[in-house]
Amino acid sequence: MKNERSAQMTKEATRAPHRSLFYALGLTKEELSRPLIGVVNSFSELVPGHMHLRDLTQAVKDGIRTAGAIPLEFPAIAVCDGTAMNHVGMKYSLVSRDIIADSCELVLMAQPLDAVVFIPSCDKVVPGMLMAAARLDIPSIFVSGGPMLPGNYGGKRFGLSEMFEAAGSYAAGSLSAEQLAGMEEACCPTCGSCSGMYTANTMNCLTEALGMSLPGSGTIPAVFSARRRLAKETGMAIVRLLEEGITARQIMNESSVRNAMRVDMALGGSTNSVLHMLAIAREAGFPLTLDEIAKIASETPQLCKLNPASSVFITDLNDVGGISAVLAELAKTGLLITDQPSVDGSIASRINGIPGADGKVIRPITDPVAVDGGLAVLKGNLAPEGAIVKKGAVLPEMLSHEGPARVFDSEEDATAAIFGGKINPGDIIVIRFEGPKGGPGMREMLTPTSAVAGMGLDTSVALITDGRFSGATRGASVGHICPEAAVGGPLAFVNEGDRILIDIPNRKIALLVEEEILQSRSAAPVPERNTKGVLARYEDMADSAANGASMNHVKVCGISPRAT
C-alpha cells in the first residue's frame, strides 16, 4: 500500500529520530511499515452535534485497521452556533471555519500522513474541513456526526428554529413561562446536528453531494447504529482511496461544486451554504461566483421543503432515500454531471437503481415545490455585488415587499427594539456594520429573525443585513449584502424612514432614494469595536462575503480573491 507521504518520517536511517518518537507513541515496526491515516476528531463536550464523536471516531479507526492501515487521531475545535447566538461569541463562529482549515493543514503538513478522514458535524467545522481537504489535496473522506432527532412537545415535532421563535412568542405574551420551559427541555432530545435543514445539515448533505462522503453521511441520524456502520465503512474506504491514488481535488472540482449547488437549490438549504461553497470552491481552484450561483438557482427546481420552512425534518428525508434520492431525481432531466467521481466510484454508480422522489418529502421534478431553487441571489443599488435570501422559506405575501427602513448599527440594538415592541407592521429592519469586517465576524441573526416570527410580524416585516443568518432562519430575511457598510457599501447611506423594495421574484433589492440625494449624504460612521486577537486579524484580512468571507486569500488562476 502507498505510504509515500509518511515515508518522510518513517523510512531510511536518517529518520531514526523520527521513528523513535513514533515508538514513544506505542507504535511497532510493523505498524510503521503500513500507511498512516490521519483521523480528525472534532469531539467537544460543548457542542451537542459533537458530543458523541469519540465513539464514531473509534468506529472509523476500527475500519482503517480492518483495511490494513494505521489510524492516528488528532483534534479539531468546534463552536456551537446555537449557544454562541446573540452575544459577542457569534463574532467568532465564522472565524473558526478558517482556523479549523488552517489547523488541519498545519498538522497534516507538519506531520505528512498518507491520507485523512475528517469527522465534523456542525456549522463551521464541515466547511473548514472541506477547505482543508481541497487545500491539501491528499486522499480524503468525510463522515459526519449525523443529525439530531426532532423534539416533540404537546404531540408536535419541532426543532431549534421553533425554540428561538418561542422566545419571541413568550415576549409577545402568546406563550406561557410553563410552555416555554416545556419546549426548551424537549427541543433537543439527542446528540447530533440540529434537526432541520439548518447550516450543519445543509453542509453535511452538500459534502455527500460533492462526492466526499459515503451515501447516508448527510442524513442518517446520529443515534442510529447505521451511522456506526457507516463510520467503519468510511475507515475502510479511505484505505482504498489511498491505494487507488484518488485525492481530494480529483473529486472536488468544478463539476462536483456545481452538482452540490444544484442539490442545495433542490433542498432549499441554509443561506450560509453560499458563503461556504464560495470559499471551498476557491480552495479547490474554481472561482465560483454569485452570478453562477444565481444561474444555477434559476435552472434548478426546489424539490424539498424542510424545517424551518415546514414540519418535515432531516430524519424524514433519510427515510425516503436521503441525498442519493435527491441526486437521482435531479439526474432525470440532465441537471447533474453524473460521471463525476466520488469516494465510492461515481455519482452515476451511486444513484443507479435509486427511484428518486417519493412524492411527499422529495417532490418529483415534474411537480416541484418551486420551478427555481430554494435560495436566491438579489442585486440592486442596495446590493450591487449581491445578497442572499432563503426564498423557499419566505411566506408568499412577503416575496415582494416595500416599506420604511428601521436602521440599527448592531444586532443588539435591533433585537432590543423588536422585543421592546418598537417595530411596526410593514417595516424593513436594517442591521448594518455586522459584515465580515464591520462586525467583525459576520454574525448570524437568528435571534432577531426568530423574534419577528415569534411575535407574529413575519407576515409584514422584513429584515436585511450585511451580516448573515442561521440556517434556522425563515421569513423575508436578506443577508450577505455586499459591499458591506463598513467598507462604504450602500447600506451605510440608508437613513431611518427611507423606502426599500425587496422583490424576490425579480431578484431585486433597492433603496428607493434619488441618486442625487444619496450623493449628498455621508456614510454612517463605523462603530468602534476595539477588536483584538483573532478578531482583529479577521477584521484586517477578511474578504467580501461575495467571495466567501475567508481570510485565507487563495489565488485562483493567479488572481487574488480580493480581485475576483
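We use all heavy atoms of the structure for the numbers below, so side chains are in, but hydrogens, waters and symmetry mates are not. Residues: numbered from 1 along the sequence shown.
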Task: Nearest-0.5 Å distance that lies between atom CD1 in Ile337 and atom OG in Ser346 - done: 13.0 Å
Task: Non-hydrogen atoms of Met252 and Ala134 that approach each other most closely - done: CE-CB, 3.8 Å
TODO: Ignoring hydrogens and angles, state whether a donor on the side chain of Thr473 or Thr449 is under 3.5 Å from an acceptor on the partner side chain.
DONE: yes
- [ ] With Leu290 as reference, evaluate Leu278, Asn547, Leu378 under the side chain to side chain contact (heavy atoms under 4.5 Å, CB included) test and give the passing residue.
- [x] Leu278
Open item on the list: For the backbone of Lys295 and the side chain of Ser298, can you confirm whether one donor and one acceptor N or O come within less than 3.5 Å of each other?
Closed with: yes
Task: Where Val478 and Ala387 come nearest, the two heavy atoms and their spacing - done: CG1-CB, 3.7 Å
Open item on the list: I'd like to check Leu241 versus Val343 (side-chain heavy atoms, cut-off strictly below 4.5 Å). Are they in contact?
Closed with: yes
Task: Pair Arg258-Asp264, salt bridge (charged side-chain N to carboxylate O under 4.0 Å, His left out): steps then yes or no - done: CA-CA 10 Å; Arg258 291 190 178 103; Asp264 198 6; over 6 Å; no
Task: Side-chain heavy atoms of Phe469 within contact of Glu444, under 4.5 Å - done: no
TODO: Output the distance between atom OG1 (Thr300) and atom CD1 (Ile293), rounded to the nearest 0.5 Å.
DONE: 11.5 Å
Open item on the list: Walk me through whether Asp316 and Lys360 qualify under salt bridge (charged side-chain N to carboxylate O under 4.0 Å, His left out).
Closed with: CA-CA 10 Å; Asp316 303 313; Lys360 293 181 180 179; over 6 Å; no
TODO: Test Ile99 against Lys124 for side-chain contact (heavy atoms from CB on, under 4.5 Å), laying out the working first.
DONE: CA-CA 10 Å; Ile99 300 299; Lys124 308 309 172 296; over 6 Å; no
TODO: For salt bridge (charged side-chain N to carboxylate O under 4.0 Å, His left out), just list the numbers for Arg443 and Asp81, CA-CA rounded to whole Å, side-chain angles, deciding distance to a tenth of an Å, and then say yes or no.
DONE: CA-CA 10 Å; Arg443 285 194 286 185; Asp81 278 17; over 6 Å; no
- [ ] Would you indicate whether the side-chain heavy atoms of Val40 and Ile119 approach each other to under 4.5 Å?
- [x] no
Task: Student check: side-chain heavy atoms of Ser217 and Ser144 closer than 4.5 Å - done: yes
Open item on the list: Side chains of Lys305 and Val312, heavy atoms from C-beta outward: is any pair under 4.5 Å?
Closed with: no
TODO: Return yes when atom NZ of Lys232 has more than 12 non-hydrogen atoms of other residues, nucleotides or ligands closer than 6.0 Å, and no otherwise.
DONE: no
- [ ] Mind checking the OG-CG spacing from Ser213 to Leu230? Nearest 0.5 Å is all I need.
- [x] 7.5 Å
TODO: Say whether Ser121 and His50, considering side chains only, have a donor N or O and an acceptor N or O under 3.5 Å apart.
DONE: no
Open item on the list: Can you tell whether the side chains of Glu243 and Lys2 come within less than 4.0 Å, N to carboxylate O?
Closed with: no
Open item on the list: Could you go through Leu108 and Val116, starting from their C-alpha distance and side-chain angles, then the distance that decides it, and tell me whether this counts as side-chain contact (heavy atoms from CB on, under 4.5 Å)?
Closed with: CA-CA 8 Å; Leu108 289 164; Val116 60; 3.9 Å; yes
TODO: Grab the two heavy atoms, one from Ala297 and one from Leu375, that are nearest each other, plus how far apart they are.
DONE: CB-O, 3.6 Å
- [ ] Taking all non-hydrogen atoms of both residues into account, name the closest pair between Gly441 and Val95 and its distance.
- [x] CA-CG2, 4.5 Å
Open item on the list: As a quick check of understanding, evaluate side chain to side chain donor-acceptor pair (under 3.5 Å) for Asp137 and Gln250, giving each step before the final call.
Closed with: CA-CA 8 Å; Asp137 194 27; Gln250 292 175 36; 5.9 Å; no
- [ ] Might you confirm whether atom CZ of Arg507 has over 12 heavy atoms from other residues, nucleotides or ligands at distances under 6.0 Å?
- [x] yes
Task: From CA spacing to verdict: side-chain contact (heavy atoms from CB on, under 4.5 Å), Leu399, Lys391 - done: CA-CA 8 Å; Leu399 288 170; Lys391 179 181 73 70; 4.3 Å; yes
Open item on the list: For the CE atom of Met277 and the CG atom of Asn272, what is their distance to the nearest 0.5 Å?
Closed with: 13.0 Å
Open item on the list: Check whether Thr207 reaches the backbone of Met203 with its side chain - one donor and one acceptor, N or O, closer than 3.5 Å.
Closed with: yes
Task: Tyr198 and Ser161: side chain donor to acceptor below 3.5 Å - done: yes
Task: Shortest non-hydrogen contact between Gly392 and Ala309, atoms and distance - done: O-CB, 3.7 Å
- [ ] Without swapping roles, check the side chain of Glu254 against the backbone of Gly285 for a donor-acceptor pair under 3.5 Å.
- [x] no
Open item on the list: Determine whether a donor-acceptor pair (N or O, by modelled atom type, separation under 3.5 Å) exists between the side chain of Arg468 and the backbone of Met442.
Closed with: yes
- [ ] Find the distance between CD1 (Ile314) and CD1 (Ile220) and round it off to the nearest 0.5 Å.
- [x] 13.0 Å
Task: Close side-chain approach of Pro301 to Ile365, heavy-atom, < 4.5 Å - done: yes
Open item on the list: Is the shortest side-chain heavy-atom distance between Phe74 and Leu72 below 4.5 Å?
Closed with: no
TODO: Could you tell me whether a side-chain N or O of Glu208 sits under 3.5 Å from a main-chain N or O of Gly218, the two making a donor and an acceptor?
DONE: yes
Open item on the list: Please determine whether the number of non-hydrogen atoms from other residues, nucleotides or ligands lying under 6.0 Å from atom CE of Met51 exceeds 12.
Closed with: no
Task: Check against side-chain contact (heavy atoms from CB on, under 4.5 Å), Met85 and Phe164 - done: CA-CA 10 Å; Met85 200 70 66; Phe164 271 88; 3.9 Å; yes
Task: Step-by-step side chain to side chain donor-acceptor pair (under 3.5 Å) determination, Asp98 to Ser550 - done: CA-CA 7 Å; Asp98 288 13; Ser550 173; 3.1 Å; yes
Open item on the list: Between Asn201 (side chain only) and Met197 (backbone N and O only), is there a donor and an acceptor less than 3.5 Å apart?
Closed with: no
Open item on the list: Please check this pair: side chain of Ser33 against backbone of Glu30, looking for a donor-acceptor N/O pair closer than 3.5 Å.
Closed with: yes
Task: Residue pair Ile141 / Leu214, side-chain heavy-atom distance below 4.5 Å - done: yes
TODO: For Ala248 and Ala133, work out which heavy atoms get closest and say how close.
DONE: CB-O, 3.3 Å
- [ ] Any chance you could lay out the salt bridge (charged side-chain N to carboxylate O under 4.0 Å, His left out) test for Glu292 and Arg262, step after step, and finish with the verdict?
- [x] CA-CA 11 Å; Glu292 181 162 6; Arg262 291 197 185 279; over 6 Å; no
- [ ] Take atom NZ of Lys332 as the centre, draw a 6.0 Å sphere, and report whether it contains more than 12 heavy atoms from other residues, nucleotides or ligands.
- [x] yes
Task: Spatial distance of atom OG1 (Thr234) from atom CD1 (Ile64) [nearest 0.5 Å] - done: 9.5 Å
TODO: Check for a donor-acceptor pair, side chain of Glu162 on one end and backbone N or O of Gly159 on the other, with a separation under 3.5 Å.
DONE: yes
TODO: Compute whether any side-chain donor of one residue and acceptor of the other, for Asp291 and Thr289, lie under 3.5 angstrom apart.
DONE: no
Open item on the list: Checking the side chain of Thr57 only, and the main-chain atoms of Leu53 only, is there a donor and an acceptor separated by less than 3.5 Å?
Closed with: yes
TODO: For Glu329 and Val326, indicate whether the former's side chain and the latter's backbone hold a donor-acceptor pair under 3.5 Å.
DONE: no
